[in-house]
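Below is one structure, written out as structure tokens; the observations come after it.
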Amino acid sequence: MTTGPARVRFAPSPTGDLHVGGARTALFNWIVARQTGGKFILRIEDTDQNRLVGESIDGILESIRWLGLDWDEGPLVEGPHAPYFQSQRLDLYTRYVHQLVDAGHAYPCFCSAERLAEVREQQRARKEPPGYDRHCRNLSKEEVQAKFDAGETAVYRFKMPLDGETSFYDLLRGEISYENRNLQDLVLLKTDGYPTYHMANVVDDHLMEISHIMRADEWIPTAPLHVQMYQAFGWEPPIYAHMPVVLRPDGKGKLSKRDGAVGVLEYQQKGYLPEAVVNYLALLGWAYDDKTEIFTIDELIEKFNVEKVNPSPARYSFEKLEWMNQHYINHVLELDDVAARCVPFLVDAGLVDPVAADTTTGEFAKVRDTIELVKDRLKYLTEAPELVDFFFKDETDDYDAETLVPRKTEPETALAGLKAAREGLADIDFSDEEALEAKLRELAEEIGLKAGQMFMPIRVAVSGRTVSPGLFETLRVLGRDTVLARIDIAIQKLQAHSA
RNA sequence: GCCCCCAUAGUCUAGCGGCCUAGGACGCCACCCUUUCAAGGUGGAGACCGCGGGUUCGAAUCCCGCUGGGGGUACCA
């Protein structure tokens, strides 16, 4: 698709959180930049003062950063085409609009919002396609001057050719063409002096030397306008590749906030790994072959091919993403890595000291030892605290004596098992998991219990719950003192219960 | 309404004229492993490749129509 280094851009509009659909577009752009040794440019399209949510910019930058998509030019890092906020480039757009006006490709339009609404209303009543009626397109120089002199404000519209057709090549779909007579004289510059997306994006993409425009599907209908603008300016248009939109899980419309977690940062908070999110997003509409689906970021850079992105819209699946996340935690990341990523969540839960963030500390070692036991059953990092809390607390959470008694057994059975364990484990080497297991199995046999009947009460006694990591490794990590003390408590509980 | 895009199982997809009695994954169902829960292993159900016409010795793959879905139709992006 390209011969040299690509200059691509991701241009979010700061109107809220960056959501996964946008993140996917950003990812594809970033990958293309990296695989061609090009540049990934981040540009903030803050051209709509009404929808602007100032604080959202930080969140968007944080989201992109969290995903690991570093940008070469843009906010904070700047670059040769600064500023990268369109609100700081207003004079440029004004200048270029006037260039179009002078060349006869744009014109001021004095129509009020009311008149436009009225025109649309009438068109609808007559069942005609809605759109601007080009009322001001042929105003004479004198008429225009008179209106400005009278203090009227104007927007500037592009003077779309009335006949002929406009076509462009889309990397995923091939040639796409539109008949000009169906195209509109869209607004380029608004009355508040801000440009519309069309103006800002064409001017900036050209000035910033963007080579490939990879953006969402929804932009296809306005692409011919952009192509006409490039022509009017006498500029070479970039290569286009429109990414299919991400649909709601039920397929009924674009994915939006209403459909659950769609903000990138929500995934961070919910204990997802950026690697898993990236991997899932890459697979949404793209596949390398008929088998592979786990890709490191470097493999994506090596194997991804924009031209193979499936042009049909894809539904978003929370289930598959969840599976992907679990797969990464269970099978892709190394233990130390998972442990380190769990630390913030454990700290938040008040279980470990913040110094555990330093992987050379004993605190971290303890975290690693416990995470090792639950790594293969974690779906989200957020589950870590609830799975390992009993290793860090002095006592287990309170539990009902009943839970010490496995189904279909009597309290006496559980009590006998616990007492046997209490004695039998007293002088066992707790660092030796196999010895622990051998001893417990031996004790079970001695008192005529099945392994499960013996193990469950102990599990509950030491962890306070019926679901826990493997028993013997749990005992090993807990250590003799804690284990014996907790068994004592369990025995008391059971005796009190039966009395 | 008009314009544009898309079309392989519930979902994401492989396939780019014969290798397809359509492959993989998620989800689902069994069974195995097993000290709980996961993970893992094995097997299974699930697609007349949206429908109808062509082209061809041969079509999921090429062409046309239809239907369906999605997008756009703003002084929003």
Side-chain angles (χ1 to χ4, degrees), chain A residues 11-15 45-48 50-51 109 111-113 116-117 120 123-124 126-132 153-157 170 172-173 176-179 182-184 186-192 194-198 200-201 215-224 242 244-245 247 249-254 280 283-294 310-324 326-327 330-331 374-379 387 406 437 440-441 444 450-456 458-460 463 465-472 474:
Chain A
S13 173
T15 54
E45 302 213 337
D46 51 351
T47 57
D48 184 351
N50 299 317
R51 296 204 311 157
C109 165
C111 295
S112 65
L116 295 178
R120 265 195 295 273
Q123 288 166 329
R124 191 163 24 178
R126 275 179 275 139
K127 299 206 160 136
E128 285 172 11
Y132 178 55
T153 53
V155 298
Y156 284 85
R157 289 178 182 276
D170 181 279
L172 314 187
R173 296 159 248 265
I176 296 176
S177 69
Y178 283 78
E179 291 189 50
N182 291 321
L183 270 19
Q184 305 261 323
L186 289 179
V187 173
L188 263 24
L189 201 66
K190 303 181 256 186
T191 47
D192 64 1
Y194 279 76
T196 57
Y197 169 84
H198 314 297
N201 124 84
R215 75 226 308 183
D217 219 348
E218 24 191 58
W219 291 109
I220 292 180
T222 52
H242 291 90
V245 289
L247 264 28
D250 64 6
K252 302 216 174 301
K254 290 192 283 184
Y280 174 70
L283 249 31
L284 203 57
W286 172 81
Y288 173 64
D289 58 17
D290 63 346
K291 294 205 165 51
T292 327
E293 52 182 358
I294 299 301
N310 187 161
S312 67
R315 299 188 194 192
Y316 191 73
S317 165
F318 290 99
E319 288 76 23
K320 182 128 187 193
L321 208 209
E322 181 180 283
W323 168 81
M324 185 75 77
Q326 176 169 35
H327 183 82
N330 296 175
H331 306 292
V374 299
K375 178 176 178 287
D376 288 348
R377 53 203 89 197
L378 277 180
K379 261 185 162 129
L387 289 177
E437 175 165 8
L440 287 175
R441 287 191 186 281
K450 286 186 196 162
Q453 296 175 325
M454 177 77 184
F455 300 162
M456 188 49 88
I458 301 176
R459 178 191 313 286
V460 175
S463 70
R465 62 193 63 160
T466 54
V467 174
S468 81
L471 220 214
F472 318 113
T474 298

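None of the values given here were measured: they were computed from a predicted structure. The chains referred to below are lettered A, B, ... by the order of the sequence lines, with proteins before strands, and numbering in each begins at 1.
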Query raised in the report: Nearest-Å distance, CG (A:L387) to P (B:C37)?
Result: 14 Å
**Report entry** Any side-chain heavy-atom pair of A:D48 and A:K190 under 4.5 Å
**Finding:** yes
Report task. Using the P atom on both, measure B:A30 against B:G72 and round to a whole Å. Result -> 42 Å
Query - Residue pair A:V187 / A:C109, side-chain heavy-atom distance below 4.5 Å - result: no
Query raised in the report: Rounded to the nearest Å, what distance is computed from the CH2 atom of residue A:W286 to the P atom of nucleotide B:U11?
Result: 22 Å
Requested in this report: Classify the side chain of A:T196 and the base of B:C75 as holding, or not holding, a donor-acceptor pair under 3.5 Å.
Outcome: no
Report task. When you get a sec, tell me which of B:A25, B:G1, B:C4 is the closest nucleotide to the side chain of A:Y178? Result -> B:C4
Query raised in the report: Can you tell me how far P in B:G65 sits from the matching atom in B:C5, rounded to whole Å?
Result: 12 Å
**Report entry** Candidate nucleotides B:C6, B:A25, B:A77, ranked by approach to the side chain of A:T47 - the nearest
**Finding:** B:A77
Query - Gap in Å between the two P atoms, one belonging to B:C48 and one to B:C32, rounded - result: 33 Å
Report summary line: Out of B:A25, B:C75, B:U36, minimum distance to the side chain of A:R459 belongs to B:U36
Report summary line: Ranking B:G1, B:A77, B:U11 by distance to the side chain of A:Y197, first place goes to B:A77
Query raised in the report: Using the P atom in both, what is the distance from B:G10 to B:C6, to the nearest Å?
Result: 23 Å
Query raised in the report: For A:K190 and B:C76, is the shortest distance between a side-chain N/O and OP1 or OP2 below 4.0 Å?
Result: yes
Query raised in the report: A:V467 side chain: which of B:C37, B:C6, B:C75 is closest?
Result: B:C37
**Report entry** Any A:K450 side-chain N or O less than 4.0 Å from OP1/OP2 of B:U34
**Finding:** no
Requested in this report: Using heavy atoms to find the nearest nucleotide of RNA chain B for A:S312 and A:R315 separately, return the residue whose nucleotide is more 5′.
Outcome: A:S312
Report task. Find the distance A:K291:NZ to B:C26:P and express it as a whole number of Å. Result -> 14 Å
**Report entry** Steps toward ring-ring contact (aromatic ring centres under 6.0 Å, His included) verdict (A:Y316, A:Y280)
**Finding:** CA-CA 10 Å; A:Y316 191 73; A:Y280 174 70; 5.6 Å; yes
Query - Nearest-Å distance for atom pair NE2/C1', residues A:H242 and B:C6 - result: 15 Å
Query raised in the report: Does A:K375 offer a backbone N or O that forms a donor-acceptor pair with the side chain of A:N330 under 3.5 Å?
Result: yes
Requested in this report: Taking only the side-chain heavy atoms of A:F472 (C-beta and beyond), determine which of B:U35, B:G71, B:C4 contains the nearest atom.
Outcome: B:U35
Query - Any A:R124 side-chain nitrogen or oxygen under 4.0 Å from OP1 or OP2 of B:G1 - result: no
Query raised in the report: To the nearest Å, how far apart are A:D217 CG and B:C5 P?
Result: 11 Å
Report summary line: Among the nucleotides B:C2, B:A77, B:G70, whichever has the atom closest to the side chain of A:K252 is B:G70
Query raised in the report: Base, sugar-phosphate alone, or nothing: which one does A:T466 contact when heavy atoms must sit under 4.0 Å apart?
Result: base
Report summary line: A:R126 CZ to B:G1 P, in whole Å, measures 19 Å
Query - Selected nucleotide, minimal atom distance to A:S468 side chain, candidates B:U36, B:C75, B:U35 - result: B:U36
Requested in this report: Considering only atom C1', compute the distance from B:C20 to B:A14 and round it to an integer number of Å.
Outcome: 12 Å
Report task. Take the protein atom NE2 of A:H198 and the nucleotide atom P of B:G72, then report the distance between them rounded to whole Å. Result -> 12 Å
Report summary line: Taken to the nearest whole Å, CD1/A:I294 to P/B:C12 is 18 Å
Report task. Pick the P atom in B:C57 and in B:C66, then give their distance to the nearest Å. Result -> 28 Å
**Report entry** Any A:R215 side-chain heavy atom under 4.5 Å of A:N201 side chain
**Finding:** yes
Report task. Report the distance from atom CZ of A:F455 to atom CZ of A:R441, rounding to the nearest 0.5 Å. Result -> 4.0 Å
Query - Short N-O contact, A:D217 and A:K254, less than 4.0 angstrom - result: no
**Report entry** P spacing across the pair B:G70 / B:C12, given as an integer number of angstrom
**Finding:** 13 Å
**Report entry** C1'-based separation of B:A47 from B:A60 [nearest Å]
**Finding:** 11 Å
Report task. Taking only the side-chain heavy atoms of A:Q326 (C-beta and beyond), determine which of B:A25, B:A38, B:G1 contains the nearest atom. Result -> B:A38
Query raised in the report: For RNA chain B, whose closest nucleotide is more 5', that of A:G285 or that of A:E293?
Result: A:G285
